[in-house]
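Below: one structure, written as structure tokens.
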Amino acid sequence: MKRFLRKAAIFFGILVATQLLFFTFNRVYGPTLIDVKEHMVFMGNSMVRRSMNPEYFKDSKNLGAKGELYISTYHKLKYLLERFSQIDTVVVGFSYLELADNVDRRFLYQEKSGRYIRNSLAYMSPKVFYKETMASGKMILSNVYQSEFLYPKFKDPVFINGFGKKTGHLDPNELESILLENFYTEEEISSFATTNIKYLHKIVDLCLEKDKTLVLITSPQHPDYLDKVPKKFVSYHTQLSKLFKEKGITLINMVDMLADSQYYADHVHLSYTGSIEVSKKVKSVFEEYKGLNKQTEYE
Amino acid sequence: MLFNSIDFALFLPIVFGLYWFVFHKKLNRQNLLLLIASYTFYGWWDWRFLSLIIFSSCVDYLVAQALGRQNNLVKRKQLLAISLAVNIGFLGFFKYYNFFAESFASAFTLFGQDFEPNRLTVILPVGISFYTFQTMSYSIDVYRRKLKPEKNVISFFSFVSFFPQLVAGPIERASHLLPQFNKNRVFEYDKASDGLRQILWGLTKKMVVADQCAIFVNEIFGSHTEHSGSTFLLAAILFAVQIYCDFSGYSDVAIGTARLFGFNLTQNFAFPFFSRDIAEFWRRWHISLFNWCKDYIYIPLGGSRKGKSKQALFALTAYGTLGLWHGANFTFILFGLLHGVAYIFLVFADTKKKVGIISQGKLFPSLREVLQMAITFTFFFFTLIIFRSDSIQDAFLYYQNILSLDLFTMPTSMPKKSLLFAVTCITIEWFQRDKQHALEIVETKIPAVIRYGFYYFLIYMILLHGINQAEFVYFQF
């Protein structure tokens, strides 16, 4: 037994020691994760990434990331606002599917989303990270390991001009799976998200506290999709929009702006053409309302 | 509690420490600790279902005691019937009720009668098929007088709920595992360190290979139209690798964990992808279930003793049950039956039984052996499509997708990482195919630095690429 314990202690001791070394080295010498020189940042999930073409916005950077949840957006934003004081406008996506509790279950849980989440874990301090993961009760080991110990390998997650070229031929079966994946739990309509919405409120509060202009945008969605989104999420979206408006947040709702399939890569993501249309629209709103008057809702 | 979770990483050393340092003086105390640990392990998932295990253990314990005292054949049969009714009743209620109710309703509809069955909304308790089969085998063996009833309650309850193999096997025979609870266990360095190696290999297979393959497989199986035939084919092949690494990975962790506590569990997988025909395949794949079906269904029915036609019927019954064991769906039954048909084909063709390890003592297989393995594997992954599909129609749609014009083009989506992991894993297993598991060391000449370096490498692979807390596929069975 002694021999076994001694060998096991040495084996695992070396493992822990090397990891602590990595950790310390990366914390002390690790590079800055994102370098932002612009005044305006776009943040959110793939809907933002695919709709906000940064070429149309002077002095802006699109930091949207596939599958990003508000918990990630919040920590990323906090990180940015602490380091880059020139950022004065934050544009965040605000869509129906972010309100269903399906997104909560993805947090550090589903393997697919877990990979996307990994990118934002690095923005949290170890203490916050521990708190968040413990609160969720779930942890994806590789995500923890990669973000906490090896994050210098991450590239700047900025995504520019990565808009889908696929356009036009939308598959009804795919629509069904999008709806099931995002709004249903075992064929029943899902409940409202708690964690995701909590972090949306935290994003709002953070921007208000730091006196930054926050714009919540709802990207266009295909009419077939809009017809089938459970109504309770549409109502909740309206209700939250009203609440945020009262808090002084700008909302741009373009959900039914584009009907033609050519503007879509799938029922919820825009094609290149669609992204151009939307970017033009948002640009015109920005120009029309210079300074983006607070307490305004653009539809 | 999942083997691939932080919870288990903390649970195991605590139980190990208590087992060997605090409770080691008396066997009964050690067994009691194992019982508490096993109930904690299971209750971590849902404590309410502990009542099922406890109830099932009580029934089988009492029935066995009564069987031990009873010599009247009719009464013995009645006692056995009670045990089987309770165990099969639980299985039927939680696992098969809806399936049979809906099947009856469909049958009525065929005859022009509309019949709406009452469906149950119940959760399927994790591992119910595994521990139910294990306790049933105990009652049957006591009834057949192959085994004496176990008097020690703690030993018996620990045997039923032994945490390493409770939720996904191997399905142990009482005659093999139960006596180990009544024997003083002494810590053996070689056994424990080999157990740790087996755990490491099991976790690597599960977290690195199976879960990486699952990402691609789930994506392709989830979309029926967007990919080329070759992509569908690749996903089907990777699903075979996924399910193998998932389930055999679980078995490796289970066996390795049991060895840390001084127990020996039955080998559940013996490198099945290196089988030369389907009969050999089933002697290497989920061995404990196959042997259960063989010993409690196929042989009691008559086995090969009553002529080939009857043997075929018995084989189909056994393979059909084996398929149905996996779940309440016609897809599983069809999967089992197809394997039964393949076995019958071998019986009628008078094929020589493949014994021993393929190409033993050689580095590479002969061309003939490569062909045999390729045919067996192809049959397996093709039938596995039915196993993986929600319905037989879905499976046929998938076959249709594979057999499209673009079958001979490059896959539209290439999961390079999954392929690399899968090929590496199978290659390592090929070179270790004469061992119990791929990291087993027997008179090795490999220097310790290289061996330990490889273990660290595997740990880093788990840390870098492992997907934590993804459930094992076989939990649903």
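Letters A, B, ... mirror the listed sequences (proteins, then strands); counts begin at 1.
- In the displayed structure, A:F192 atom CZ is contacted under 6.0 Å by more than 12 heavy atoms of other residues, nucleotides or ligands.
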Between B:Y455 and A:L15, does the side-chain contact (heavy atoms from CB on, under 4.5 Å) criterion hold? Intermediate values first, please.
CA-CA 11 Å; B:Y455 304 148; A:L15 187 71; over 6 Å; no

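- The salt bridge (charged side-chain N to carboxylate O under 4.0 Å, His left out) check on B:R259 picks up B:D194, with sequence neighbours excluded.
- Side-chain contact between B:W20 and A:L5 is absent, with no heavy atoms from C-beta onward closer than 4.5 Å.
- Contact record, A:F4 with B:S193: CE1-N, 3.8 Å, taken as the closest heavy-atom pair.
- How far CE of A:M1 is from NE2 of B:H24: 9.0 Å, rounded to the nearest 0.5 Å.
- Residue B:R185 places its CZ atom among more than 12 non-hydrogen atoms of other residues, nucleotides or ligands, all under 6.0 Å distant.
- In terms of the salt bridge (charged side-chain N to carboxylate O under 4.0 Å, His left out) criterion, residue partners of A:K228 (sequence neighbours excluded) are, by chain and number, A:E176.
- For B:Y456 (side chain) and A:F11 (main-chain N/O), a donor-acceptor pair under 3.5 Å exists by modelled atom type.
- In this structure, chain B has heavy atoms under 4.5 Å from both the backbone and the side chain of A:I14.
- Within a 6.0 Å radius of NZ in A:K231, other residues, nucleotides and ligands contribute more than 12 heavy atoms.
- Heavy atoms closer than 4.5 Å to chain B are found in the backbone of A:I10, but not in its side chain.
- In this structure the side chain of B:Y189 reaches within 4.5 angstrom of the side chain of A:K7, judged on heavy atoms.
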